[in-house]
Amino acid sequence: ASLVFDRIVIETTGMADPSPIIQVLLRSEMNGARFRLDGVVTVVDAKNLMRHISPQGPAGFLRHRPEAEKQIAMADLLLINKVDLVDSA
């Protein structure tokens, strides 16, 4: 008996660059595959987001976590968590 899946979720923990996985799934060789890339979902930590994407150093040339920016830029959907830990100001 074969298993039938509606969806497959590939999770890259933490500050991973999602582009290598996305590139593989978008290759022309994948056209005949039984699955396709439907979207990229990124979970954003509301409490620590600005710490990861805010410019650091003189003139803002250094970024603390450029992977965070890349994950947000490549996402089709952003899920924002920890909003209860953020001040409304």
Side-chain angles (χ1 to χ4, degrees):
S2 65
L3 297 175
V4 179
F5 294 98
D6 291 329
R7 301 272 193 276
I8 296 174
V9 176
I10 300 172
E11 195 273 337
T12 59
T13 302
M15 293 293 178
D17 180 354
S19 58
I21 295 170
I22 293 169
Q23 288 172 359
V24 167
L25 294 173
L26 293 177
R27 292 181 68 164
S28 61
E29 292 89 351
M30 296 298 292
N31 287 341
R34 301 175 107 187
F35 55 89
R36 63 179 171 79
L37 178 65
D38 188 40
V40 176
V41 178
T42 297
V43 178
V44 176
D45 180 339
K47 181 169 174 54
N48 296 302
L49 175 64
M50 295 312 294
R51 185 173 62 141
H52 294 306
I53 67 170
S54 293
Q56 305 288 322
F61 288 115
L62 300 175
R63 298 226 179 248
H64 187 69
R65 295 280 190 168
E67 299 90 354
E69 292 177 350
K70 194 165 197 176
Q71 288 178 352
I72 291 169
M74 298 187 84
D76 297 303
L77 175 68
L78 295 176
L79 295 177
I80 303 174
N81 70 352
K82 299 184 184 179
V83 294
D84 57 321
L85 303 177
V86 179
D87 294 331
S88 61

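Taking CG of Asn31 as the reference point, atom CG of Leu26 lies at 9.5 Å (rounded to 0.5 Å). Glu11 contributes atom CD, which lies 9.5 Å from atom CD1 of Ile21 (distance to the nearest 0.5 angstrom). With rounding to the nearest 0.5 Å, the separation of CG in Asn48 from CG in Leu85 is 9.0 Å. Between Ile72 atom CD1 and Glu67 atom CD the span is 11.5 Å, to the nearest 0.5 Å. Atoms OG1 and NZ, from Thr42 and Lys70 in turn, are 12.5 Å apart once rounded to the nearest 0.5 Å. To the nearest 0.5 Å, the span separating CD1 on Ile10 from CD1 on Ile22 amounts to 9.5 Å.
Taking every heavy atom of both residues into account, Ala16 and Gln71 meet most closely at O-NE2, 2.7 Å. The two residues Ala46 and Val83 make their nearest non-hydrogen contact at CB-CG1, 4.0 Å.
Contact check for Ile80 versus Leu49: no side-chain heavy atoms found under the 4.5 Å cut-off. Between Asn81 and Val44, the closest side-chain pair of non-hydrogen atoms is not below 4.5 Å.
The backbone N or O of Val40 sits less than 3.5 Å from a side-chain atom of Asp76, completing a donor-acceptor pair.
Val86 and Met50 fall into different hydrophobic clusters, where Ile, Leu, Val, Met, Phe, Trp and Tyr are joined by side-chain heavy atoms under 4.5 Å apart, directly or via other members.
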